[in-house]
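The structure appears right after this line, and notes come after that.
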Amino acid sequence: MSKKIVRVAVQAPLPGLFDYLFPAHMQAEPGCRVLVPFGRGKRVGIVWEFAGQKDDLPYKLKPVAQVIDDTALLDVPLRQLLEWSSNYYHHPIGEAVATALPVNLRQERAVRTHRQRYWALCATCPDAEELDARASRQKIVIQMMKEAGSAVAETQLRELGADIGSVLKRLAQKGWIEDSARYASANAESGESRQKLNLNDEQRDAVTTIVEADGQFAPVLLQGVTGSGKTEVYIQAAQAVIGQGKQVLVLVPEIALTPQLLRRFQAGIDSAVVSMHSGMGDSERERAWNAARSGDARLLVGTRSAVFVPLPELGLIIIDEEHDLSYKQQEGFRYAARDVAVMRAKQSGIPVVLGSATPSLETIYNAIQGRYQRVRLTRRAGGAVPPTLQAVDIRSEHLHGGLSATLIKAVRKCLQAGEQVILFLNRRGYAPQLTCNDCGWIAECEHCDARMTFHASAHRLWCHHCGYQKPQPKVCPACESEELVYLGQGTERLEETLGELFAETPVVRIDRDTTRRKGSLEAHLEKMHMGESGILVGTQMVAKGHDFPNVTLVGILNLDAGLLSPDFRSPEKTAQLMLQVAGRAGRGKKPGHVIIQTRNPEHPLLQELLCGDYDSFAKAELKERQEAVFPPYSYQLLLRAESSSAEKTDDFLEYAADTARELLKNVEIWGPVPAPMERKAGHFRGHLLLQAAERATLHAHVDHWTQQLRKLKTARSVRWSIDIDPQEQL
DNA sequence: AGCACGCCGACT
DNA sequence: GTCGGCGTGCTC
Ligand SMILES: [Zn+2]
Ligand SMILES: [Zn+2]
């Protein structure tokens with residue numbers, strides 16, 4: 001009597017699948033969830049495969065307790081992708097699978113199948129304008145349905161905001177809208193009413209290249225300067241693929257998934273567009289996941305984790321701003337969504353578009369090697385000219401609140417012309433340092449090797465690394481002097497300075513602190529979106545997401561941190577950020593100007609960017625990487641470790657290094673070294689870097705190595721993880 | 001990781 | 001006497 005054995009992916013920090021007996025009376029296919037006994041309790045796992053009976057089992061198997069689903073939650077291509085990801089990132093398959101499932105489905109909960117509903121307006125429904133001002137949500141729903149002119153998919157309506165479900169319910173109760181059984185085919189025809197996208201010949205060529213790849217793996221690097229209309233290319237290509245009855249996945253960086261962007265996709269696509277991002281609640285995410293899996297959603301716009309959403313008819317993947325660091329998960333299962341997406345396209349045999357004005361050097365290298373086809377968009381919409389760049393040497397100048405005389409003059413001129421200014425400063429808060437003039441005491445975090453930032457509005461000192469905060473001291477804690485001074489500039493302080501310099505001008509600050517609380521910010525932003533004169537102050541956030549039509553001047557207050565960082569990726573990241581911010585300047589007929597303040601005006605990176613373009617920079621930087629044998633000319637693995645003491649961390653990493661020397665051949669071992677900030681949130685952190693000329697060489701015996709590390713008793717008190725293709729050495 | 005077992009010090 | 005500290009082993 002042969003016993004059926006099933007191999008299950010269970011969420012546990014242990015490598016591999018777990019074997020169970022599969023009782024004859026049960027029925028399940030790979031991809032279904034099952035409830036299995038695990039340790040002392042029970043856990044939910046995914047059936048991975050069935051293995052015939054085995055005679056010599058190393059241990060007695062337990063039987064599956066219960067089958068939860070009758071059809072597979074994860075289809076074959078997605079399981080194949082998860083398996084590849086688990087192997088490539090050396091992370092347990094069960095945990096990889098968990099990141100691909102909505103939280104509700106990681107438990108024993110049944111899949112909630114929402115039949116796709118289509119809502120139509122009834123004749124009794126009043127105009128949106130006639131509604132009570134308080135019924136703003138009902139208003140936008142009615143408005144959207146009116147604009148559509150036919151029945152609208154509920155998934156589509158739900159993109160209008162949170163808890164649209166209750167709004168629909170109320171409208172239905174009033175008899176203003178009805179559940180329309182038929183999906184009005186008018187929707188497909190209403191393509192006429194959709195804005196006809198006017199593409200230039202470069203954009204048309206790009207669309208053709210993407211769409212012609214039909215039915216086979218074809219990675220395309222879409223390299224287009226800011227304002228060259230990459231999004232129109234995405235929309236047109238997506239529409240074409242959707243027209244063939246397929247689905248499209250669009251990945252965007254965390255902070256770029258704004259209502260603005262979503263509306264553009266919805267306006268250009270005549271089928272259900274669904275979004276998924278980290279700001280969503282569990283049930284919203286589950287709904288989007290279900291819509292994607294059932295095929296109700298034809299285009300999914302999502303952030304990092306959306307790369308693992310099931311899309312049974314996937315025909316195209318688009319990765320916008322492919323160089324963006326938020327595609328890399330920085331904890332646990334440290335996958336890079338861009339690279340996983342390319343693998344997904346390869347496994348599915350479909351085209352994949354990597355879009356960026358400033359592609360990562362890895363991607364440029366792939367294009368140079370001929371692995372990716374490069375398509376360029378060189379023209380800005382409306383024939384706009386590229387911005388002019390000017391470096392201002394601030395070494396010998398007395399700055400006014402971080403602003404040089406040159407920059408202040410330029411801002412004034414710009415405002416007088418009724419135009420907008422962006423000032424970029426990559427530091428939140430009021431001042432990055434609080435110090436005592438009498439004894440030299442500096443406010444430092446008790447848990448990190450870092451200084452605390454002063455936040456004026458909160459009257460508190462904040463550690464940006466661990467979140468620890470304390471009240472603003474009145475006197476020096478060391479000598480009781482009252483001579484406390486705030487050194488350096490943060491966005492909060494810059495906002496204050498500008499308020500004094502340009503009292504008549506609205507100043508809007510955009511950073512993590514202002515975007516948290518909405519309301520007043522939204523109102524200010526609205527004005528800026530309309531093009532009214534004003535100054536925008538902000539961190540990286542001003543470079544991404546929001547789009548302002550009337551900006552002609554961009555000031556970068558201090559580029560030096562990026563120029564001087566020892567990290568080998570720093571030049572690349574600095575160039576990308578600088579050009580992305582610079583790209584905000586100038587639209588239409590108005591040329592843009594960019595002022596860069598620096599104490600290193602002769603720095604080669606800066607010179608390269610001032611005289612050349614991103615391509616010439618990339619070429620020079622790739623040469624540097626080649627000479628130093630850094631990625632993409634080599635492959636890296638970073639072992640990260642942290643514990644309650646520097647000794648424990650170091651001992652563990654020393655052992656890891658010894659073991660690596662023994663087990664891993666043709667691999668260079670650097671370290672162990674303490675992390676750039678050794679103590680963070682009370683933990684002592686260290687690194688061990690492995691590098692090899694070939695990917696296969698690097699990966700060959702890693703699993704054996706980690707198995708050895710797991711055996712080490714002292715490793716119990718050390719938290720450690722493997723980071724493949726590390727991006728940041730933080 | 002998450003849980004139980006087990007072996008030692010300092011409490012009622 | 002026993003409550004609880006965390007070192008150690010295990011999860012199909
Ligand atoms: Zn002092
Ligand atoms: Zn801290």
Side-chain angles (χ1 to χ4, degrees), chain A residues 1-26 28-69 74 79 82-83 85-87 89-101 103 105-108 329-335 639-645 647-649 651-652 655-656 681-685 703-723:
Chain A
M1 184 67 180
S2 75
K3 292 213 172 108
K4 206 170 173 189
I5 291 166
V6 64
R7 317 200 67 211
V8 181
V10 182
Q11 189 180 358
L14 301 163
L17 298 165
F18 293 83
D19 297 349
Y20 291 90
L21 292 173
F22 195 70
H25 68 273
M26 286 187 182
E29 55 176 1
C32 290
R33 287 175 304 160
V34 284
L35 191 65
V36 291
F38 193 83
R40 261 144 284 264
K42 287 203 166 87
R43 282 192 202 191
V44 172
I46 295 274
V47 172
W48 213 253
E49 59 195 17
F50 289 98
Q53 87 271 32
K54 288 179 193 159
D55 307 321
D56 50 342
L57 289 168
Y59 29 66
K60 60 225 170 297
L61 294 185
K62 297 177 182 176
V64 168
Q66 190 196 328
V67 175
I68 302 171
D69 308 303
L74 305 174
R79 294 206 303 276
L82 286 164
E83 202 160 316
S85 305
S86 163
N87 289 331
Y89 292 104
H90 301 280
H91 201 78
I93 181 82
E95 303 229 292
V97 165
T99 61
L101 289 174
V103 251
L105 298 181
R106 290 175 209 171
Q107 291 126 39
E108 214 179 323
Q329 176 127 51
Q330 289 294 10
E331 61 189 44
F333 177 30
R334 306 181 103 100
Y335 65 97
L639 175 65
R640 300 166 179 273
E642 63 176 50
S643 76
S644 57
S645 82
E647 293 71 39
K648 268 200 241 173
T649 301
D651 286 353
F652 170 77
Y655 173 80
H683 300 293
F684 291 83
R685 311 174 310 146
D703 289 329
H704 186 200
W705 179 51
T706 54
Q707 199 186 320
Q708 295 300 115
L709 297 184
R710 216 169 282 116
K711 277 186 198 160
L712 186 71
K713 300 218 189 306
T714 56
R716 285 300 294 257
S717 55
V718 178
R719 286 169 67 89
W720 56 275
S721 66
I722 301 282
D723 190 350

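Because the structure is a prediction, the values reported are computed rather than measured. Every chain is numbered from 1, with letters handed out A, B, ... down the list of sequences.
Residues passing the salt bridge (charged side-chain N to carboxylate O under 4.0 Å, His left out) test with A/E95, sequence neighbours excluded: none. Checked against salt bridge (charged side-chain N to carboxylate O under 4.0 Å, His left out), A/E83 has no partners two or more places apart in sequence or in another chain. Judged as a side-chain hydrogen bond (donor to acceptor under 3.5 Å, both in side chains), and not counting sequence neighbours, the contacts of A/Q708 are A/K711. By the salt bridge (charged side-chain N to carboxylate O under 4.0 Å, His left out) test, A/R640 is found to be paired with A/D723, residues two or more places apart in sequence or in another chain being considered. A/T649 meets the side-chain hydrogen bond (donor to acceptor under 3.5 Å, both in side chains) test with A/S643; sequence neighbours excluded. A/T706 is linked by a side-chain hydrogen bond (donor to acceptor under 3.5 Å, both in side chains) to nothing, counting only residues two or more places apart in sequence or in another chain.
Between the NZ atom of A/K62 and the P atom of C/dT11 there is a distance of 8 Å, rounded to whole Å. A/E95 places its CD atom 18 Å from the P atom of C/dT11, with the value rounded to the nearest Å. Residue A/K42 contributes atom NZ, which lies 12 Å from atom P of C/dC12 at whole-angstrom precision. Straight-line distance from the CZ atom of A/R43 to the C1' atom of C/dC12: 12 Å, rounded to whole Å. A/D19 places its CG atom 11 Å from the P atom of C/dC12, with the value rounded to the nearest Å.
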Would you list the protein and nucleotides 8-10 of chain C atom pairs, both N or O, that sit under 3.5 Å from each other?
unit_1	atom_1	unit_2	atom_2	d
C/dG9	OP2	A/K713	NZ	3.1
C/dG9	N7	A/R716	NH1	2.8
C/dG9	O6	A/R716	NH1	3.4
C/dG9	O6	A/R716	NH2	2.7

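The list of side chain to side chain donor-acceptor pair (under 3.5 Å) pairs with a residue in residues 29-42 of chain A, not counting sequence neighbours, reads A/R33-A/D69.
A/Y20 comes within 4.0 angstrom of sugar-phosphate atoms only, judged by non-hydrogen atoms across all strands, and of no base.
If you walk DNA chain B from 5' to 3' and mark each nucleotide with an atom closer than 4.0 Å to a heavy atom of chain A, the marks span B/dA1 to B/dA4.
In this structure, CZ on A/F18 lies 8.5 Å from CZ on A/R43, to the nearest 0.5 angstrom.
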